[in-house]
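Note sheet for the following structure.
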Amino acid sequence: MRLTPFLVAVFSLLVTRTSFGQDTDNDNPPAQKASSPMLKLKAVVSFSPMQFSENGVGIAFSFETVFDKDKDGIVAIYIPVITTVNVSGNFENGSPHQRDGMVYYGLGLKFYPTGCYGRVKYALGPTLVQGMGTQTDYPAYSYYHTYSKFIFGILVSNSLNINATDHVYLGLDLGLGYTFINAWDQKLRGMAAITQGGFKIGYRF
């Protein structure tokens with residue numbers, strides 16, 4: 001699987017930024033850190049036990065960190081990693097369906113119209129998506145064939161974010177978009193839809 005150097009560099013930068021922010025906050029009195037009813041915690045690590053995509057169902061992990069943490073928390077960077085498997089059955093031409101797997105990496109922005117600090121918050125924003133895996137095709141009058149698959153595209157995500165406690169996070173996501181690149185065995189195909197969504201459980205820090 002190929003994770004682009006760009007996504008690796010951005011993820012490393014965000015982790016470094018979050019760690020530096022935590023060291024700085026430790027020098028501030030507790031009263032300054034609790035300037036809102038909830039602590040202005042600037043990052044979330046979450047796990048999705050119920051995830052789906054246009055390929056099938058699976059699991060996901062994500063990391064989110066807020067840019068303007070000292071203000072309202074309007075803009076956040078969002079990095080999901082998703083894996084799904086096609087569990088549908090197909091016995092066309094006497095051949096069982098290949099359980100195609102896909103792994104997706106994303107880099108996106110989340111905009112919170114009323115800020116991210118609070119119990120229930122709505123957010124939306126664009127996410128660039130890169131996906132790699134396999135795709136089985138069943139052409140007419142022929143046996144099935146499994147291709148290596150690579151996609152790159154964009155989707156717009158809507159999310160309901162519930163901060164159950166200062167540290168416990170729950171979320172629901174739904175994203176819809178399309179591909180810029182849709183290649184099977186390194187041969188370009190037409191534009192395809194991208195769909196991602198799921199239920200998330202996370203920890204705010």
Side-chain angles (χ1 to χ4, degrees), residues 1-14 43-67 73-88 99-116 120-137 147-162 169-184 186-202:
M1 293 183 296
R2 302 170 296 169
L3 179 59
T4 59
F6 175 68
L7 292 183
V8 172
V10 170
F11 181 76
S12 300
L13 177 63
L14 291 175
V44 179
V45 175
S46 61
F47 167 67
S48 175
M50 300 170 57
Q51 180 72 34
F52 69 87
S53 74
E54 76 286 346
N55 178 68
V57 296
I59 61 173
F61 296 89
S62 64
F63 174 78
E64 177 182 337
T65 185
V66 179
F67 269 155
I74 299 291
V75 182
I77 281 201
Y78 175 63
I79 302 177
V81 178
I82 298 168
T83 179
T84 62
V85 175
N86 188 341
V87 296
S88 64
R99 294 191 181 278
D100 299 316
M102 287 288 292
V103 177
Y104 306 86
Y105 306 98
L107 176 61
L109 294 175
K110 290 178 70 173
F111 296 95
Y112 292 84
T114 60
C116 69
V120 180
K121 292 294 181 177
Y122 167 77
L124 76 164
T127 300
L128 292 174
V129 177
Q130 172 182 295
M132 291 158 288
T134 59
Q135 177 73 52
T136 301
D137 190 22
Y147 302 84
S148 64
K149 184 177 181 180
F150 174 84
I151 66 168
F152 179 75
I154 190 170
L155 56 79
V156 176
S157 294
N158 293 267
S159 65
L160 177 65
N161 305 272
I162 303 171
Y169 166 83
L170 304 173
L172 290 172
D173 283 342
L174 176 61
L176 301 173
Y178 58 90
T179 60
F180 302 127
I181 300 173
N182 177 29
W184 297 16
Q186 300 182 348
K187 295 181 180 179
L188 292 178
R189 298 251 178 160
M191 182 183 296
I194 305 175
T195 305
Q196 293 180 356
F199 167 70
K200 301 188 297 184
I201 304 171

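Basis for what follows: all heavy atoms, side chains included, without hydrogens, waters or symmetry-related copies. Note that the coordinates shown come from a computational prediction; the quantities given were computed from them, not determined experimentally. Sequential numbering from 1 along the given sequence is applied to the chain's residues.
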Heavy-atom distance under 4.5 Å between the side chains of [X] and [Y], does that happen here?
{"X": "M102", "Y": "S53", "result": "no"}
{"X": "Y104", "Y": "I151", "result": "yes"}
{"X": "Q196", "Y": "Q51", "result": "yes"}
{"X": "F199", "Y": "L170", "result": "yes"}
{"X": "L176", "Y": "V156", "result": "no"}
{"X": "Q186", "Y": "F150", "result": "no"}
{"X": "V66", "Y": "Y112", "result": "no"}
{"X": "P126", "Y": "F111", "result": "yes"}

Under the side chain to side chain contact (heavy atoms under 4.5 Å, CB included) rule, what do R189 and K187 come out as? Steps first, then yes or no, please. CA-CA 7 Å; R189 298 251 178 160; K187 295 181 180 179; over 6 Å; no
Where [X] and [Y] come nearest, the two heavy atoms and their spacing:
{"X": "L155", "Y": "G175", "answer": "CD1-CA, 4.0 Å"}
{"X": "E54", "Y": "A193", "answer": "CG-O, 3.7 Å"}
{"X": "G106", "Y": "T127", "answer": "CA-CG2, 4.1 Å"}
{"X": "T114", "Y": "I74", "answer": "C-CD1, 4.4 Å"}
{"X": "S159", "Y": "D173", "answer": "CB-OD1, 2.7 Å"}
{"X": "G190", "Y": "T179", "answer": "O-OG1, 4.4 Å"}

Kindly say whether [Y] contributes a backbone atom to a donor-acceptor pair with the side chain of [X] at under 3.5 angstrom?
{"X": "T134", "Y": "Y147", "answer": "no"}
{"X": "D100", "Y": "N86", "answer": "no"}
{"X": "T84", "Y": "F52", "answer": "no"}

Before giving the answer on side chain to side chain contact (heavy atoms under 4.5 Å, CB included), spell out for I77 and F63 the whole-Å C-alpha distance, their side-chain angles and the decisive distance to 0.1 Å. CA-CA 8 Å; I77 281 201; F63 174 78; over 6 Å; no
Short side-chain donor-acceptor distance under 3.5 Å, S46 and Y169: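 Note: Y169 and S46 side chains miss the donor-acceptor criterion.
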I'd like to know if the side chain of K110 pairs up with that of N161 as donor and acceptor (distance under 3.5 Å, no hydrogens or angles considered).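 Indeed, the side chains of K110 and N161 share at least one donor-acceptor pair under 3.5 Å.
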Apply side chain to side chain contact (heavy atoms under 4.5 Å, CB included) to the pair Y178 and I154, showing each step before the final yes or no. CA-CA 6 Å; Y178 58 90; I154 190 170; 4.1 Å; yes
For K149 and N182, run side chain to side chain contact (heavy atoms under 4.5 Å, CB included): C-alpha distance rounded to whole Å, both residues' side-chain angles, the deciding distance at 0.1 Å, then the answer. CA-CA 7 Å; K149 184 177 181 180; N182 177 29; 3.7 Å; yes
Which residues pass the ring-ring contact (aromatic ring centres under 6.0 Å, His included) test with Y122, sequence neighbours left out?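 Partners of Y122 by the ring-ring contact (aromatic ring centres under 6.0 Å, His included) criterion come out as none, since no residue qualifies.
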